[in-house]
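Presented below is the structure to which this report refers.
Proteins come first, then strands; the chains are lettered A, B, ... in the order of their sequence lines, and each starts at number 1.
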Protein chains: 2
Amino acid sequence: MNRALNGEGGPGPRWLSDEEQRVWRAYLHATTLLEDHLDRQLQRDAGMPHIYYGLLVQLAQAPRRRKRMTELAIDAKITRSRLSHAIARLEKNGWVRREDCPSDKRGQNAVLTDEGFGVLERTAPGHVEAVRQVMFDRLTPEQVMQLGEIMQLMAEGLQPQDTGADLPWLR
Amino acid sequence: MNRALNGEGGPGPRWLSDEEQRVWRAYLHATTLLEDHLDRQLQRDAGMPHIYYGLLVQLAQAPRRRKRMTELAIDAKITRSRLSHAIARLEKNGWVRREDCPSDKRGQNAVLTDEGFGVLERTAPGHVEAVRQVMFDRLTPEQVMQLGEIMQLMAEGLQPQDTGADLPWLR
DNA sequence: ACCCCATCCTTGAAAGTTGAACTAAATGGG
DNA sequence: CCCATTTAGTTCAACTTTCAAGGATGGGGT
């Protein structure tokens, strides 16, 4: 990441060009500021961090406002462990409750309560406005499209996948 | 964020269009996957999370490999409190040490040790490679340029600034 | 000199996250 | 039917982050 660290003469790492460094820094700068901004906005207006809010949104969109824990974890891109803690907290708030899964006795459903839905109804407009102010009100429609494509491409390189090393069926 | 939450008839919140929702989700998806990816990569290869690595990079780039705590906190976009804890941890690792600021007895400099610099030398290539694989190897030069501009614009809407409310000189 | 207040940084407790270990239940081949 | 394996979810300990409070120094006005 830093040219000053380059001190050898081999084929060496492919350092970033000045332009690439500039873009990478802009990316880090913007994404961290935005995440901090949304975390504060939601902590203030909804009493929970962004990721917890996202869990409620997922549940609100799910059929019958409920979802299996593992599925929810995958959709929200968090570990099952983290989800366990998060749901425990949301349960204390009365916004979510747990429910045994009828078809699989190991399973749990997280269910959005009416109170939880109410919180979303009250806070979603402010949240959307915050997102809009930072992203969509500042970009041209063309840039929005470009951003969508770029993020799509980056995500494709990050799909939870094997590293390619040490796969049993390759040994 | 969710049309299903819209239940009133007033002027109402400006919900996101389908296209905007798609882009927003792609953004969240890609940025969280990337941050997780880099955190794991660095935790594995360098024994610290991405943000701590960033602190070492800042110090490596600073004159005499040292920086005032507050300045470092601002550059790394974290609170002073968080920085205090982080530097304490890096100090335990022997990668950073604290130094009283000669000109201001309240001040502290964080100084990158030779060991800390060594860690960077060893791990920077792998980190750059990780960044490259996800971002620069997957985007066209034009997309890289577009991303830079977009991130620049978004950051401008997020500069640590007043909310516009309760400014003393407006009362 | 003195006082007031801003700035610099740290601290401690509470909240959140992580990764590994663990329990329970489902699954599938002998 | 049995046992080994896999899957679902929780729990524990270690670590990180946040928030509010606090101690110390600097600086400007009087």
Next item on the list: Send over the distance from A:E35 CD to D:dT17 C1', rounded to a whole Å.
Entry: 14 Å

Notebook entry, point to check: Across the strands shown, which category fits B:R44 at heavy-atom distances under 4.0 angstrom: base, sugar-phosphate, nothing?
Noted result: nothing

Checklist line | Closest to the B:K105 side chain, choosing from D:dG9, D:dG26, C:dG19 | finding: D:dG26

Notebook entry, point to check: Just how far, in rounded Å, is P of C:dA15 from CG of A:L42?
Noted result: 19 Å

Next item on the list: Measure the acute angle between the ring planes of B:H127 and B:H50, then classify it against the limits of 30° and 60° as parallel, tilted or perpendicular.
Entry: tilted

Next item on the list: Give the rounded distance in Å between these two atoms: CG of A:L90 and P of C:dT17.
Entry: 10 Å

Checklist line | Nucleic acid contacts - residues 67-88 of chain A versus DNA chain C, non-hydrogen atoms under 4.0 Å | finding: A:S81, A:R82, A:H85

Notebook entry, point to check: To the nearest 0.5 Å, how far apart are CD in A:Q143 and CE in B:M154?
Noted result: 11.0 Å

Checklist line | Name of the residue among B:L90, B:I87, B:L59 meeting side chain to side chain contact (heavy atoms under 4.5 Å, CB included) with B:W95 | finding: B:L90

Check: Taking OP1 and OP2 of D:dT10, is either one under 4.0 Å from a side-chain nitrogen or oxygen of A:R98?
Finding: yes

Notebook entry, point to check: Cationic tip of B:R89 within the cone over B:Y52's six-membered ring, i.e. under 6.0 Å and within 45° of the normal?
Noted result: no

Next item on the list: Starting from P on D:dG26, measure out to CG on B:D100 and report it in whole angstrom.
Entry: 11 Å

Notebook entry, point to check: Could you give the CD-to-P distance, from A:Q43 to C:dA15, as a whole number of Å?
Noted result: 11 Å

Notebook entry, point to check: Looking at CD1 of A:I74 and CZ of A:R68, how far apart are the two atoms once the value is rounded to the nearest 0.5 Å?
Noted result: 11.0 Å

Next item on the list: Measure the shortest side-chain to side-chain distance between B:R14 and A:D137 over non-hydrogen atoms and say whether it is less than 4.5 angstrom.
Entry: yes

Check: For B:D104 and D:dG23, what is the distance between atoms CG and C1' respectively, to the nearest whole Å?
Finding: 15 Å

Notebook entry, point to check: Could you give the CG-to-C1' distance, from A:D39 to C:dA15, as a whole number of Å?
Noted result: 13 Å

Next item on the list: Rounded off to whole Å, could you give me the OH-to-P distance for the B:Y52 and C:dT18 pair?
Entry: 13 Å

Notebook entry, point to check: Considering heavy-atom distances to DNA chain D, does A:R106 or B:P49 have its closest nucleotide positioned more toward the 5' end?
Noted result: A:R106

Check: Of A:S103 and A:R89, whose closest DNA chain C nucleotide lies nearer the 5' terminus?
Finding: A:R89

Check: Is there a side-chain contact between B:V119 and B:M48, using heavy atoms and a 4.5 Å cut-off?
Finding: yes

Next item on the list: Determine the contact category for A:R40: base if any of its heavy atoms lies under 4.0 Å from a base atom, sugar-phosphate if only primed atoms, P, OP1 or OP2 are that close, otherwise nothing.
Entry: nothing

